[in-house]
Protein chains: 2
Amino acid sequence: MIEQPDLRRTGRPTLADIARALGVSEATVSRALRGSPEISEQTRAAIRRVARELGYVPNAAARSLARQTSRTLGLLVPDVTDPIHALIVAGFGRAADSRGYTVIVMDGSRDEARRARSLRTLIEHQAEGIAFCSTPIPMREAIEEIRPAHAVFIMHEGADALSPSETPLGRMRADDEHGIRLMIEHLLALGKQRFSYVNGPDIASNRLRRNAILRSLEALGIEPRIREYSTGEEQADFETVARLVARERPDALLCYDDKMALNMLDALRREEVSVPDDLAVTGFDGIPFAAISNPRLTTVIQPADLLGETAAGALFDAIENGTPPPDITLPVTLAIRGSSRRRVPESGAGVAAPQAKS
Amino acid sequence: MIEQPDLRRTGRPTLADIARALGVSEATVSRALRGSPEISEQTRAAIRRVARELGYVPNAAARSLARQTSRTLGLLVPDVTDPIHALIVAGFGRAADSRGYTVIVMDGSRDEARRARSLRTLIEHQAEGIAFCSTPIPMREAIEEIRPAHAVFIMHEGADALSPSETPLGRMRADDEHGIRLMIEHLLALGKQRFSYVNGPDIASNRLRRNAILRSLEALGIEPRIREYSTGEEQADFETVARLVARERPDALLCYDDKMALNMLDALRREEVSVPDDLAVTGFDGIPFAAISNPRLTTVIQPADLLGETAAGALFDAIENGTPPPDITLPVTLAIRGSSRRRVPESGAGVAAPQAKS
DNA sequence: CTGTTAGCGCCTTCAA
DNA sequence: TTGAAGGCGCTAACAG
């Protein structure tokens with residue numbers, strides 16, 4: 001009768017079941033299963049065997065309670081559906097996995113209410129570290145609330161709202177400024193003169209990139225004048241901008257990110273603005289699809305998965321060694337591709353399919 | 001001295017802190033905070049106030065232990081970086097959020113070892129429901145192991161390995177067969193005759209789609225003969241296939257999914273195979289980028305986010321009402337776009353709107 | 001090397 | 001309406 005675990009409510013065997021089956025104490029089982037050195041090989045083996053037979057799996061909640069530590073990380077992302085965020089999630093997850101941490105990914109953090117709920121959930125789950133990926137800065141109070149969990153920001157959102165001194169919150173970001181500068185230089189080398197920018201959502205990254213364009217032009221002695229366009233995520237918006245572009249004829253169109261640039265490429269096709277002949281179009285991010293579009297998209301590649309990994313790493317350091325999460329800026333790469341080349345040899349006859357080589 | 005919570009190790013106030021501050025019992029606080037009706041308005045208000053002041057947040061681990069229920073769902077995906085999986089994650093997460101469940105997303109389930117670890121993690125966290133998204137079937141034993149958690153499969157992987165009778169595991173999938181059939185009919189209407197298929201990874205979805213092509217041809221009285229190509233995720237592979245295609249000249253190239261199709265489009269460009277004039281290329285999935293490629297990609301749109309939502313819904317039902325997760329097949333839509341048109345200039349096509357132009 | 005004893009924070013009878 | 005007591009599954013001293 002005392003042989004088989006009684007499978008209470010959850011139906012899962014516990015330490016007590018194993019202990020009972022072997023006539024040892026729970027503590028011994030606990031130690032053996034965790035590989036504590038102070039257990040004889042014999043008992044350890046026996047315990048392991050029974051544990052396997054019973055299909056024992058430790059209960060994370062109980063462990064977390066007893067150990068006062070959850071080995072859990074939280075990650076807030078505005079939208080997993082965005083390739084750049086997905087890459088960050090992947091990198092973050094890989095790093096966490098390799099260190100034995102569980103990560104709870106909370107999507108939809110762009111929405112105020114949902115973000116607040118997400119944050120609370122993470123706190124309830126005793127997340128030891130939280131990464132805010134391109135998420136609008138939680139008000140100062142929120143930052144207080146998450147203590148003693150450690151926090152880092154991935155990408156630029158939130159970076160401008162806190163003076164670095166007061167709260168040592170890490171920031172992992174790509175060197176957007178430098179990327180933009182490389183881009184501008186490239187476009188100038190191509191002889192471009194009339195720059196325009198398609199704004200993304202009104203968040204820090206967008207402001208940063210936009211301002212970087214102005215500053216780069218200025219630094220290079222060009223009068224920093226750019227035409228700006230705005231757009232939401234609607235297809236109609238891209239069409240509107242495309243029409244404006246067709247009329248105003250800038251010769252370089254920098255877009256907030258690759259997704260927008262790809263959409264613009266599509267919209268411009270219908271306005272019969274030929275890229276790159278009439279107009280150079282560039283993106284930002286380096287998402288995989290940008291490398292196979294037609295024409296392929298010139299862009300600034302940010303090491304998104306590395307950002308994720310780095311953020312997780314910074315959190316580990318903070319959790320395990322008390323090292324305050326640092327500010328880290330990762331390098332970017334300019335990928336020059338078909339969308340910003342000088343006129344490229346055409347091979348198709350009249351059909352609307354610009355051929356991009358390489 | 002007994003006024004402020006003593007902030008033990010975790011630094012978070014507990015029920016006991018609130019109770020002490022007010023001179024009531026923990027039980028009362030617990031009830032009040034959970035809105036139990038048997039608490040006077042006065043005490044409830046006082047308790048709520050103090051809780052807020054102290055920044056109290058319930059401890060999920062403790063609650064889960066005491067309540068013997070975690071309100072947690074697990075989701076395994078092979079690769080969040082794949083747009084179709086990201087959509088599923090998003091839909092699943094949204095549904096869970098709206099019902100107050102926390103979801104733990106485990107990425108990288110294509111990797112055997114990582115998948116095993118992920119599954120274990122989910123069990124440790126007492127996930128009450130687990131969704132396997134396009135994840136190679138965990139051996140029968142694994143299925144036993146996850147009990148009493150409920151499980152569903154999203155997409156086709158795993159669907160063929162279990163006889164429906166023995167384990168009532170739900171399956172949420174799109175009607176791939178019908179999608180393929182619509183696609184074949186479309187291509188035949190275009191006068192295509194030499195069909196070819198680019199295989200995806202060796203998983204159920206791929207086999208299913210491939211076989212569906214054969215069956216559709218057969219059903220339509222065509223000799224079910226297709227040329228098959230294989231490819232990994234490497235760019236070199238796409239180039240190889242493109243070269244073969246350029247030599248063998250099929251007139252319709254169906255690809256396992258949109259990602260592959262988009263890559264093929266890119267590779268074919270360099271082989272100077274003109275799409276759709278020389279060759280129709282089609283995808284499967286209906287990822288957003290397929291709608292803005294050049295040419296735009298004809299594809300079968302599956303309701304990915306809905307699949308995610310539905311899977312979550314089925315799990316709720318199983319958890320809360322004991323309803324065994326059903327098998328659900330969601331309808332798909334054929335989106336006819338530029339990559340499979342007869343030579344026609346690109347017209348303004350809506351994103352997901354199947355064009356009925358002849 | 002192994003057992004005993006206390007909790008971790010919350011919930012849930014059962015009394016009062 | 002509120003309190004007291006015990007327990008969820010595991011870990012962490014402290015004994016032996």
Side-chain angles (χ1 to χ4, degrees), chain A residues 5-48 51 54-72 123-126 128 148, chain B residues 5-48 51 54-72 123-126 128 148:
Chain A
D6 75 290
L7 303 188
R8 275 155 282 261
R9 329 190 213 193
T10 84
R12 299 204 158 289
T14 71
L15 281 191
D17 294 316
I18 301 178
R20 211 177 312 128
L22 266 67
V24 298
S25 74
E26 281 187 49
T28 301
V29 178
S30 172
R31 286 189 274 244
L33 257 23
R34 243 170 324 129
S36 164
E38 16 156 41
I39 294 285
S40 79
E41 270 314 318
Q42 297 196 26
T43 44
R44 184 203 309 289
I47 289 173
R48 286 231 173 100
L54 259 38
Y56 172 77
V57 176
N59 181 321
R63 196 205 286 121
S64 160
L65 238 200
R67 240 199 297 232
Q68 291 293 79
T69 182
S70 63
R71 291 202 57 100
T72 292
I123 297 176
E124 289 184 352
H125 284 263
Q126 315 297 115
E128 298 177 50
Chain B
D6 75 287
L7 303 189
R8 279 154 281 259
R9 330 191 212 191
T10 84
R12 299 204 159 288
T14 71
L15 281 190
D17 294 317
I18 301 178
R20 211 177 311 129
L22 266 68
V24 298
S25 75
E26 280 187 50
T28 302
V29 179
S30 172
R31 288 190 270 246
L33 257 22
R34 236 165 335 121
S36 165
E38 19 156 38
I39 293 286
S40 78
E41 270 313 319
Q42 296 197 26
T43 44
R44 184 202 308 290
I47 288 173
R48 286 233 172 99
L54 259 37
Y56 172 78
V57 176
N59 182 322
R63 197 206 285 120
S64 160
L65 237 201
R67 240 196 299 228
Q68 292 292 81
T69 184
S70 64
R71 290 200 59 98
T72 292
I123 297 175
E124 290 184 354
H125 284 262
Q126 315 296 114
E128 298 177 50

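If you're wondering where the values come from, they're calculated on a predicted model, not measured in any experiment. Letters A, B, ... are given to chains in the order of the sequence lines, protein chains preceding strands, and every chain is numbered from 1.
Scored by the side-chain hydrogen bond (donor to acceptor under 3.5 Å, both in side chains) test, A:Gln42 finds no partners at all (sequence neighbours excluded). In this structure, the side chain to side chain contact (heavy atoms under 4.5 Å, CB included) partners of A:Glu124, at least two apart in sequence or on a different chain, are A:Arg120, B:Val57, B:Pro58, B:Ala60, B:Arg63. Residues forming a side-chain hydrogen bond (donor to acceptor under 3.5 Å, both in side chains) with A:Arg71 (at least two apart in sequence, or on another chain): none. In terms of the side-chain hydrogen bond (donor to acceptor under 3.5 Å, both in side chains) criterion, B:Ser64 has no residue partners (sequence neighbours excluded). Annotation: side-chain hydrogen bond (donor to acceptor under 3.5 Å, both in side chains) contacts of A:Thr28 (sequence neighbours excluded): A:Ser25.
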Side-chain donor/acceptor pairs under 3.5 Å, residues 31-38 of chain B, sequence neighbours excluded:
{"from": "B:Arg34", "atom 1": "NH2", "to": "B:Ser30", "atom 2": "OG", "distance (Å)": "2.7"}
{"from": "B:Ser36", "atom 1": "OG", "to": "B:Glu38", "atom 2": "OE2", "distance (Å)": "2.9"}

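A:Ser25 has a side-chain polar atom (N or O) that falls below the 4.0 Å cut-off from OP1 or OP2 of C:dG3. Remark: A:Gln68 is not in phosphate contact with D:dC10, judged by side-chain N or O atoms under 4.0 Å from OP1 or OP2. Taking side-chain N and O atoms only, A:Ser30 has no distance below 4.0 Å to OP1 or OP2 of D:dC10.
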Protein-nucleotides 13-16 of chain D N/O pairs closer than 3.5 Å?
{"from": "D:dA13", "atom 1": "N6", "to": "A:Arg31", "atom 2": "NH1", "distance (Å)": "3.4"}

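Nucleotide C:dG3 holds its P atom 14 Å from the CD1 atom of A:Ile18, rounded to whole Å. The distance from atom CZ of A:Arg12 to atom C1' of D:dC8 is 15 Å, rounded to the nearest whole Å. Atom CG of B:Leu15 is separated from atom P of C:dC8 by 13 Å (rounded to the nearest Å). Rounding to whole angstrom units, CZ of residue A:Arg67 and C1' of C:dA6 are separated by 18 Å. Rounded to whole Å, the distance from CD on B:Glu124 to P on D:dC10 is 10 Å. Following rounding to the nearest Å, A:Leu65 (CG) and C:dC11 (P) show an atom-to-atom distance of 11 Å. If you measure from atom CD of A:Glu26 to atom C1' of C:dA6, you get 13 Å, rounded to the nearest angstrom. One atom, CG of B:Asn59, and another, C1' of C:dC11, lie 13 Å apart when rounded to the nearest Å.
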Take A:Thr14 and A:Glu26 through the side-chain contact (heavy atoms from CB on, under 4.5 Å) test and state the conclusion after the steps.
-> CA-CA 9 Å; A:Thr14 71; A:Glu26 281 187 49; over 6 Å; no

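Taking a 4.0 Å limit (strictly below) on heavy-atom distances, residues 33-47 of chain B reaches DNA chain D at B:Glu38, B:Ile39, B:Ser40, B:Thr43.
Over its full length, the helix from C:dC1-D:dG16 to C:dA16-D:dT1 turns its helical axis through 30°, comparing axes from the five pairs at each end and rounding to 10°.
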